[in-house]
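The next block holds one structure in the form of structure tokens; read it before the comments.
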Amino acid sequence: MNPLNRLRDAMSNADIDSILVTDPTNIAWLTGFNGSFARIVVTLTDAVFITDSRYAIQAKEQVSTIRLETFGSPKGGDDVILEQLAALGVKRIAFEAATVTVAQSQTWSKKFAAIEIVPGPDLFAKLRQVKSEIEIEAIREACAVTDAAFEHICRMIQPGVTELDLELDLEFFIRRQGAKVGFPSIVVSGENSARPHGHASEKKLDIGDFVTFDFGAQVRGYNADMTRTVVVRDASARHRDIYNRVLSAEVESIAMIKPGVRAEDVDANARRILGDLAGYFGHGLGHGLGLLVHDTGRLGVRSDDIIAEGQVWTVEPGVYIAGFGGCRIEDDVVVRTHGAEILNKSPKELLVLG
């Protein structure tokens with residue numbers, strides 16, 4: 001079933017006759033359009049895609065399942081929305097309350113005085129969690145570029161190279177493959193690696209440093225998100241103990257992922273495996289992955305998500321010890337009928353490089 005029909009089913013179940021879609025990610029999911037401005041009016045029997053003249057050509061190339069309506073100055077987007085609502089006979093329309101500001105909804109209520117404007121539930125969060133095979137293939141290709149980038153960057157690891165040098169070369173490699181960089185890469189070493197979302201600096205790699213790379217390519221709008229941690233030249237017993245326990249938590253958590261399992265139980269299992277190191281694991285085990293790097297869904301404490309076939313998750317346990325360093329290992333997995341398929345192919349055994 002295509003995204004538009006899946007949305008209509010969700011609308012029917014929520015007793016919504018029409019909806020105004022404005023969130024760029026939801027618009028991209030529905031149509032493939034990735035311009036900076038668009039609006040979609042969806043009813044149970046019709047739909048219209050609205051954008052301005054800057055994107056007239058792009059919209060014709062990217063939007064094939066919804067009728068197009070473009071406009072230019074002096075008309076504005078709200079003017080065209082109102083025209084289309086009247087043409088469709090819409091008397092009551094829901095907006096995306098999860099992403100629309102109060103100010104915007106008040107503006108619409110004034111401009112569309114003859115139409116009832118109501119906040120709608122977040123229909124897209126659950127819809128976007130379950131991926132089509134086309135979406136999964138895009139993520140798979142992004143993971144392949146990400147794997148190649150890690151293989152490339154491993155050749156550069158040696159004492160004296162800066163974190164910033166590694167980050168720049170990593171992202172340049174991804175772009176050279178014709179992909180986009182999905183998010184700002186994390187490259188941190190030594191004590192800096194105890195910062196889960198640290199930034200690359202002019203710090204030079206030292207012998208005995210943990211070096212953590214958290215990065216991902218983007219292909220056709222879909223993201224990869226992989227983390228690998230290596231050690232520069234000499235790994236101590238402490239390095240190996242931390243690394244192996246994080247690896248066990250990651251591997252066993254992935255083995256637990258299958259339809260019907262509660263997301264919070266997978267997170268709890270990772271913490272159980274880490275044992276006394278669980279106190280150094282302060283974030284959730286993972287998140288949904290797709291058009292957004294941190295897409296809908298969480299593997300974490302108090303998550304109410306139930307794992308289902310077709311979902312794509314990151315699994316990323318970590319241990320971060322101030323004054324020493326940190327280790328995180330992350331893979332992207334797609335949920336299949338009998339378990340999880342790992343999309344990343346980069347090695348996970350401890351690499352001592354340089």
Side-chain angles (χ1 to χ4, degrees), residues 1-130 132 135 220-222 290-292 295-296:
M1 185 182 298
N2 68 37
L4 184 59
N5 288 335
R6 289 178 62 196
L7 173 61
R8 286 189 172 125
D9 281 353
M11 289 167 60
S12 286
N13 292 335
D15 197 26
I16 294 172
D17 294 328
S18 61
I19 187 170
L20 177 58
V21 185
T22 56
D23 182 89
T25 304
N26 294 335
I27 288 170
W29 179 77
L30 274 174
T31 67
F33 180 78
N34 59 8
S36 66
F37 176 83
R39 303 285 187 258
I40 306 177
V41 177
V42 180
T43 73
L44 295 177
T45 58
D46 207 342
V48 58
F49 180 98
I50 300 165
T51 190
D52 64 66
S53 59
R54 295 173 299 165
Y55 295 111
I57 296 173
Q58 179 179 338
K60 287 179 181 178
E61 294 170 343
Q62 294 182 327
V63 182
S64 60
T65 58
I66 299 177
R67 176 169 59 89
L68 299 179
E69 187 71 30
T70 60
F71 67 91
S73 182
K75 273 191 175 180
D78 287 348
D79 300 324
V80 181
I81 291 171
L82 184 56
E83 290 175 359
Q84 294 301 316
L85 293 177
L88 292 168
V90 172
K91 302 298 182 184
R92 183 175 187 268
I93 191 165
F95 63 86
E96 296 176 283
T99 54
V100 170
T101 65
V102 172
Q104 179 64 78
S105 66
Q106 291 174 341
T107 296
W108 285 333
S109 292
K110 291 176 183 177
K111 287 189 174 183
F112 309 156
I115 298 168
E116 185 181 3
I117 309 294
V118 298
D122 188 357
L123 302 179
F124 288 92
K126 293 297 183 184
L127 291 175
R128 291 207 333 256
Q129 272 192 309
V130 177
S132 69
E135 292 177 289
R220 298 195 298 281
Y222 286 84
L291 287 165
L292 297 178
D295 215 329
T296 61

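- Considering every non-hydrogen atom in both Thr65 and Leu4, the closest pair reads O-CD2, 4.2 Å.
- The CG atom of Asn5 lies 9.5 Å from the CG atom of Leu7; values are rounded to the nearest 0.5 Å.
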Yes or no on side-chain contact (heavy atoms from CB on, under 4.5 Å) for Asn2 and Leu30, after CA distance, side-chain angles and deciding distance? CA-CA 8 Å; Asn2 68 37; Leu30 274 174; over 6 Å; no
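- The shortest side-chain heavy-atom distance between Phe95 and Thr22 does not fall under the 4.5 Å cut-off.
- Listed by first then second residue, pairs satisfying side chain to side chain donor-acceptor pair (under 3.5 Å) with a partner in residues 33-51 read Asn34-Gln58, Asn34-Gln62, Ser36-Tyr55, not counting sequence neighbours.
- In this structure a side-chain-to-backbone donor-acceptor pair under 3.5 Å is present from Asn13 to Asp9.
- Minimum interatomic distance between Leu127 and Ala10 (heavy atoms only, all atoms of both residues): CD1-CB, 4.2 Å.
- How far OG of Ser64 is from CZ of Phe49: 11.0 Å, rounded to the nearest 0.5 Å.
- Nearest heavy atom pair, residue Ile50 against residue Phe37, reads O-CE2, 4.4 Å.
- Atoms OG and CD1, on Ser109 and Ile117 in that order, are 5.5 Å from each other to the nearest 0.5 Å.
- Asp52 pairs by the salt bridge (Lys or Arg N to Asp or Glu O under 4.0 Å) definition with Arg54, not counting sequence neighbours.
- A salt bridge is absent between Asp17 and Arg92: the closest approach of a Lys/Arg side-chain nitrogen to an acidic carboxylate oxygen does not fall below 4.0 angstrom.
- At distances below 3.5 Å, at least one donor-acceptor pair connects side-chain atoms of Ser105 with backbone N or O atoms of Val102.
- Side-chain atoms of Ser53 never come within 3.5 Å of backbone atoms of Gly72 as a donor-acceptor pair (strictly under, hydrogens ignored).
- Taken from CZ in Arg67 to CD1 in Ile40, the straight-line distance is 12.0 Å, to the nearest 0.5 Å.
- No donor-acceptor distance shorter than 3.5 angstrom exists from the side chain of Gln84 to the backbone of Val48, with no hydrogens or angles considered.
- Here the side chains of Leu44 and Ser12 are in contact, with some heavy-atom distance below 4.5 Å.
- Counting heavy atoms from C-beta outward, Asp122 and Glu96 have side chains that stay 4.5 Å or more apart.
- The side-chain heavy atoms of Leu123 and Ile19, taken from C-beta on, include a pair separated by under 4.5 Å.
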side-chain contact (heavy atoms from CB on, under 4.5 Å) assessment of Ile81 paired with Lys111: CA-CA 10 Å; Ile81 291 171; Lys111 287 189 174 183; over 6 Å; no
Taking it one step at a time, do Arg128 and Asn26 satisfy side-chain contact (heavy atoms from CB on, under 4.5 Å)? CA-CA 8 Å; Arg128 291 207 333 256; Asn26 294 335; 2.5 Å; yes
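- Here the closest non-hydrogen pair linking Ala38 and Ile27 is O-CD1, 3.3 Å.
- The shortest heavy-atom contact between Phe71 and Gly76 is CE1-C, 3.7 Å.
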I would like to know whether Ile115 and Trp108 meet side-chain contact (heavy atoms from CB on, under 4.5 Å); could you show each step before the answer? CA-CA 9 Å; Ile115 298 168; Trp108 285 333; over 6 Å; no
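- Annotation: the span from Asp23 atom CG to Phe124 atom CZ amounts to 8.0 Å, rounded to 0.5 Å.
- In this structure, Pro121 and Ile16 approach most closely via the heavy-atom pair CD-CD1, 3.5 Å.
- Between Arg220 and Glu135 no salt bridge is recorded (no basic side-chain N to carboxylate O distance below 4.0 Å).
- In this structure, Lys91 places its NZ atom where only 12 or fewer heavy-atom neighbours from other residues, nucleotides or ligands lie under 6.0 Å away.
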